[in-house]
Amino acid sequence: MAVVDDVMTETPSPPVEAARARRESSKLVTRSVRVLGASWRPALVLVAVVAAWWFVTWREMVPAYLVPAPQDVLTTLWADRTLLLEHTWVTTQETLIGFVLAAVIGVATAVLLVYSPTAEKSLYPLILFAQVIPKIAIAPILVVWFGFGLTPKVILAVLIAFFPVVVSAVAGLRSVDPELLELSATMGASRWKTFVKIRFPSALPSLMSGLKVAVTLAVVGAVVGEFVGADRGLGYVLLLASGNLDAPLLFADLILMSLIGVVLFVLVEALEAAVIPWHASRRDNLALAGS
């Protein structure tokens, strides 16, 4: 009897289960309404752009070898889907590896710059100098050094995505309230605990903004590396399509490049929502109040 009583007390009653299911359903509906409310405007603009594109090609205002019709691009995307997916995966792999390395190295560099004035005075001007150098000029050197494989593309993606991560992380780590740091010091908190409990959480909003910029720039770095020397990737396909005057393949390739950047940006945005749901930028009610 005791075992039966325990099971009966632990098992939720049907009304409780029904109420829980209603709450979950209500949350799902609310999220769906928010997604639809946030996406209908860009979808409308996209439809307008495609309609204008179709009208220009239909009226033959521009030669077809310069601007193909939307239906020709869609046909190319479907007909060459196996080839395009293979090259898309190559570019995505290069982008992801470069972005992750840029994020890790960038955050570590930012921590070093914030905690060491000597390192900041020594390294920060060099980082700025390296950012100003056009990456397309470095690409041939990397190809000579590392060959036509994955390495030069990843390095270029790291070089392009590194700077926004460093700048945003440094700004976030320095934005902590000094009184809060003094309070933690008076309470005997070590540097490591202060960093984990105060500095890094406070820097997350700025850091996530830098990561969203960096993930799109990493795509640019990977494609630039493929331009200079590669036998795979969307940059390589773009060169082939340009050389053969294959406008539908050229536009299909550009669409896939854009999709990689958009999907990765959305993933970082979702990570931001999961990591800092408490931040003011994630609260819908503030935006509604402001409007």
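- Thr91 places no side-chain N or O within 3.5 Å of a backbone atom of Thr88 that could act as its donor or acceptor partner.
- The side-chain hydrogen bond (donor to acceptor under 3.5 Å, both in side chains) check on Tyr65 picks up nothing, with sequence neighbours excluded.
- Partners of Val263 under the side chain to side chain contact (heavy atoms under 4.5 Å, CB included) rule, at least two apart in sequence or in another chain, are Leu267.
- Using a 4.5 Å heavy-atom threshold, the side chains of Phe195 and Tyr115 count as touching.
- With sequence neighbours excluded, no residue forms a side-chain hydrogen bond (donor to acceptor under 3.5 Å, both in side chains) with Arg232.
- For Ser242, the side chain to side chain contact (heavy atoms under 4.5 Å, CB included) test picks out no residue, with sequence neighbours left out.
- Leu150 and Val158 fall within the same hydrophobic cluster, where Ile, Leu, Val, Met, Phe, Trp and Tyr residues are linked whenever their side-chain heavy atoms come under 4.5 Å apart, directly or through other members.
- Heavy-atom contacts from other residues, nucleotides or ligands closer than 6.0 Å to CZ of Phe200 number 12 or fewer.
- Contact of the Tyr124 side chain with the Val167 side chain is registered, since non-hydrogen atoms from C-beta on lie closer than 4.5 Å.
- A chain of hydrophobic side-chain contacts below 4.5 Å, direct or via other Ile, Leu, Val, Met, Phe, Trp or Tyr residues, connects Trp192 to Leu112.
- Residues Thr57 and Pro68 form no side-chain contact, since every pair of their non-hydrogen atoms from C-beta on lies 4.5 Å or further apart.
- Leu234 and Val90 are assigned to two separate hydrophobic clusters, defined by single-linkage of ILVMFWY side chains at heavy-atom distances under 4.5 Å.
- In this structure, Leu85 shares a hydrophobic cluster with no other residue, the cluster being traced through Ile, Leu, Val, Met, Phe, Trp and Tyr side chains under 4.5 angstrom apart.
- In this structure the side chain of Leu264 reaches within 4.5 angstrom of the side chain of Leu96, judged on heavy atoms.
- Side-chain atoms of Val170 and Thr109, non-hydrogen and from C-beta on, never get closer than 4.5 Å to each other.
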Distance-only check: which donor-acceptor pairs under 3.5 Å involve side-chain atoms of residues 70-80, not counting sequence neighbours?
from, atom 1, to, atom 2, distance (Å)
Thr75, OG1, Gln71, O, 2.7
Thr76, OG1, Asp72, O, 2.9

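- Taking 4.0 Å as the cut-off between side-chain N and carboxylate O, Lys153 and Glu226 do not count as a salt-bridged pair.
- Among Leu239, Val144, Val143, the one residue that satisfies the side-chain contact (heavy atoms from CB on, under 4.5 Å) test with Val228 is Val143.
- Leu254 is not connected to Val224 by any chain of hydrophobic side-chain contacts under 4.5 Å among Ile, Leu, Val, Met, Phe, Trp and Tyr, and they are in different clusters.
- Nearest heavy-atom pair across Ser175 and Gly172 is OG-O, 2.7 Å.
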- Would Ile105 and Phe162 satisfy side-chain contact (heavy atoms from CB on, under 4.5 Å), going step by step from the backbone distance to the final call? CA-CA 8 Å; Ile105 299 173; Phe162 172 75; 3.7 Å; yes
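- Looking at Thr216, its side chain does come within 3.5 Å of a backbone N or O of Val213 through a donor-acceptor pair.
- Among residue pairs with one or both ends in residues 111-138, those qualifying as salt bridge (Lys or Arg N to Asp or Glu O under 4.0 Å) are Glu120-Arg174; sequence neighbours excluded.
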- Query: What's the verdict on side-chain contact (heavy atoms from CB on, under 4.5 Å) for Thr151 and Trp145, showing C-alpha distance, side-chain angles and the deciding distance?
  - Reply: CA-CA 10 Å; Thr151 304; Trp145 288 350; over 6 Å; no
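- Scanning for salt bridge (Lys or Arg N to Asp or Glu O under 4.0 Å) contacts around Arg81 gives an empty result, with sequence neighbours left out.
- For Leu83, the side chain to side chain contact (heavy atoms under 4.5 Å, CB included) criterion is met by His87, not counting sequence neighbours.
- Between Trp54 and Trp58, the two ring planes are parallel [angle under 30°; tilted spans 30° to 60°].
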List the atom pairs, with distances to 0.1 Å, where a side-chain N or O of residues 243-252 and a protein N or O form a donor-acceptor pair under 3.5 Å, not counting sequence neighbours.
from, atom 1, to, atom 2, distance (Å)
Asn244, ND2, Leu240, O, 3.2
Asp246, OD1, Leu249, N, 3.4

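- Looking at residues two or more places apart in sequence or on another chain, you find no side-chain hydrogen bond (donor to acceptor under 3.5 Å, both in side chains) involving Ser168.
- No continuous path of ILVMFWY side-chain contacts below 4.5 Å connects Phe148 to Ile97, so the two sit in separate hydrophobic clusters.
- Considering only heavy atoms from C-beta on, Phe99 comes within 4.5 Å of Leu211 through its side chain.
- Under the salt bridge (Lys or Arg N to Asp or Glu O under 4.0 Å) criterion, no residue pair touches residues 94-114, with sequence neighbours excluded.
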